[in-house]
Trainee: 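My questions all concern the structure below.
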Number of protein chains: 2
Amino acid sequence: MAKRPPILNRVKALREAHDGMSQAALAKEIGVTRQTVIAIEQGRYSPSLESAFRIARVFGVSLDDVFQWDETAES
Amino acid sequence: MAKRPPILNRVKALREAHDGMSQAALAKEIGVTRQTVIAIEQGRYSPSLESAFRIARVFGVSLDDVFQWDETAES
DNA sequence: TCTCCATGTCAAAAATTTCTTACATGACCC
DNA sequence: GGGTCATGTAAGAAATTTTTGACATGGAGA
């Protein structure tokens, strides 16, 4: 399997701040499945750049507001 | 194969602005192959979020400075 | 000319992300 | 209790990204 990517994200926090939007609702808006949203929030793998863009657009923020390089990981 | 992603990038321009860095040198710095850099620059597919981050870091810019959503593509 | 370097192409395999389907749990409300 | 919703897990298939290896071309320079 994939090892954990060195990327952190605030998807869950943004979702909750967005009027408690559910994982299912977010998944539908960005055009992926609920399982994909779960995996991304859990950091099991990082999304494609395209999914990342769609997530940022749903919340009206920039890519860097959603995803951050994990400085504690090896570069 | 994959259809063209709705994402544009300035990798080639950044590379040239970065003292004419070669595709091979960039590939080595971000830990992918030269073919991957070629494919990204040509827009054949968009990179993983992890590769995207590594590219931005090499050039010392933000993700959004390297990759832009193509507004002319269907969302 | 010959060599080196940068870019490009191609095809198949490998690795990673995403989908599909199914089932489980806890919270909440009737 | 029974129903719905949100979240979570799991396994295999499908799709996409990346690698590997090989070969081609054009430019620059010795």
Side-chain angles (χ1 to χ4, degrees), chain A residues 1-59 63-64 66-70 72-75, chain B residues 1-59 63-64 66-70 72-75:
Chain A
M1 282 285 176
K3 62 173 172 309
R4 273 177 182 286
I7 296 175
L8 307 175
N9 74 76
R10 302 188 222 242
V11 173
K12 181 169 187 156
L14 285 165
R15 195 164 52 72
E16 288 167 351
H18 217 255
D19 200 30
M21 177 183 238
S22 71
Q23 291 174 336
L26 174 59
K28 187 174 182 184
E29 287 226 40
I30 69 180
V32 300
T33 62
R34 190 170 60 85
Q35 282 74 0
T36 297
V37 170
I38 291 172
I40 293 169
E41 287 194 0
Q42 293 179 344
R44 301 211 288 108
Y45 50 73
S46 53
S48 67
L49 188 56
E50 188 170 334
S51 292
F53 261 105
R54 292 189 199 272
I55 291 170
R57 283 162 62 85
V58 163
F59 296 126
L63 274 184
D64 297 283
V66 186
F67 302 94
Q68 303 84 37
W69 189 264
D70 182 357
T72 73
E74 89 287 358
S75 62
Chain B
M1 280 287 175
K3 61 174 175 306
R4 274 177 179 286
I7 296 175
L8 307 174
N9 74 77
R10 301 185 220 230
V11 173
K12 181 168 185 159
L14 285 165
R15 197 165 50 75
E16 288 166 349
H18 216 255
D19 200 30
M21 178 184 238
S22 71
Q23 291 174 334
L26 174 59
K28 188 174 182 183
E29 287 226 39
I30 69 180
V32 300
T33 62
R34 191 169 58 85
Q35 282 79 353
T36 297
V37 170
I38 290 171
I40 293 169
E41 287 193 0
Q42 293 178 346
R44 301 212 289 109
Y45 51 75
S46 52
S48 66
L49 188 57
E50 188 170 334
S51 291
F53 260 105
R54 291 189 199 272
I55 291 170
R57 283 162 62 84
V58 163
F59 296 127
L63 274 184
D64 297 283
V66 185
F67 302 93
Q68 302 85 36
W69 188 264
D70 182 356
T72 74
E74 89 288 358
S75 61

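To find a chain, count down the sequence lines: A is the first, B the second, and so on, and within it residues start at 1. Heavy-atom basis, side chains included; hydrogens, waters and symmetry copies ignored.
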Trainee: Whole angstroms only, please: what is the CD-C1' distance between B/Glu41 and D/dT17?
Mentor: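 About 17 Å, once rounded to whole Å.
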
Trainee: CD of B/Glu50 versus P of D/dT18: gap in Å, rounded?
Mentor: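 Rounding to the nearest Å, CD of B/Glu50 and P of D/dT18 are 10 Å apart.
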
Trainee: Fit a plane to each ring of B/Trp69 and A/Phe53, take the angle between them on a 0 to 90° scale, and name the class: parallel (under 30°), tilted (30 to 60°) or perpendicular (over 60°).
Mentor: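 Aromatic pair B/Trp69/A/Phe53 classed tilted.
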
Trainee: Could you state the atom-to-atom distance from CD1 of A/Ile38 to P of D/dT7 in whole Å?
Mentor: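 So the CD1-P distance, A/Ile38 to D/dT7, works out to 8 Å.
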
Trainee: Distances under 3.5 Å between protein N/O atoms and the N/O atoms of nucleotides 18-21 of chain C, please, pair by pair.
Mentor:
residue, atom, partner, partner atom, Å
C/dT18, OP1, A/Ser48, N, 3.0
C/dT18, OP1, A/Ser48, OG, 3.2
C/dT18, OP1, A/Ser51, OG, 3.4
C/dC19, OP2, A/Thr33, N, 2.8
C/dC19, OP2, A/Thr33, OG1, 3.1
C/dC19, OP2, A/Thr36, OG1, 2.6
C/dT21, O4, A/Gln35, NE2, 2.8

Trainee: Contact between B/Phe67 and B/Leu49 at the side-chain level, heavy atoms closer than 4.5 Å - yes or no?
Mentor: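 Not in contact.
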
Trainee: How long is the line joining CZ of B/Arg15 and C1' of C/dC5, in whole Å?
Mentor: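 So the CZ-C1' distance, B/Arg15 to C/dC5, works out to 13 Å.
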
Trainee: Are B/Ile40 and B/Val37 side-chain neighbours, meaning at least one heavy-atom pair lies under 4.5 Å?
Mentor: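 Result no, sub-4.5 Å side-chain heavy-atom pair not found.
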
Trainee: Nearest 0.5 angstrom please: A/Gln68 CD to A/Asn9 CG, how far?
Mentor: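 One finds 7.5 Å between CD of A/Gln68 and CG of A/Asn9.
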
Trainee: Can you tell me how far C1' of D/dA6 sits from NZ of A/Lys28, to the nearest Å?
Mentor: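 In whole Å, D/dA6 C1' lies 16 Å from A/Lys28 NZ.
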
Trainee: In whole Å, I'd like the distance from the NE2 atom of A/His18 to the P atom of D/dA6.
Mentor: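 Distance, rounded to whole Å: 16 Å.
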
Trainee: To the nearest Å, give me how far apart CD1 (A/Ile55) and P (C/dT17) are.
Mentor: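 Atom-to-atom, A/Ile55 to C/dT17, this comes out as 13 Å.
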
Trainee: Any side-chain to backbone donor/acceptor pair from B/Asp70 onto B/Thr72? Under 3.5 Å, distance only.
Mentor: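 It does hold such a pair.
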
Trainee: State the CD-CZ distance between A/Gln35 and A/Arg44, to the nearest 0.5 angstrom.
Mentor: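 A/Gln35 CD to A/Arg44 CZ: 9.5 Å, rounded to 0.5 Å.
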
Trainee: Taking NZ from A/Lys12 and P from D/dT7, how many angstroms apart are they, rounded to a whole number?
Mentor: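 Taking atom P of D/dT7 as the reference, NZ of A/Lys12 is at 7 Å.
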
Trainee: Closest nucleotide of DNA chain C for B/Gly20 versus for A/Pro5: which of these residues is on the 5' side?
Mentor: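 The residue closer to the strand's 5' end, by nearest nucleotide, is B/Gly20.
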
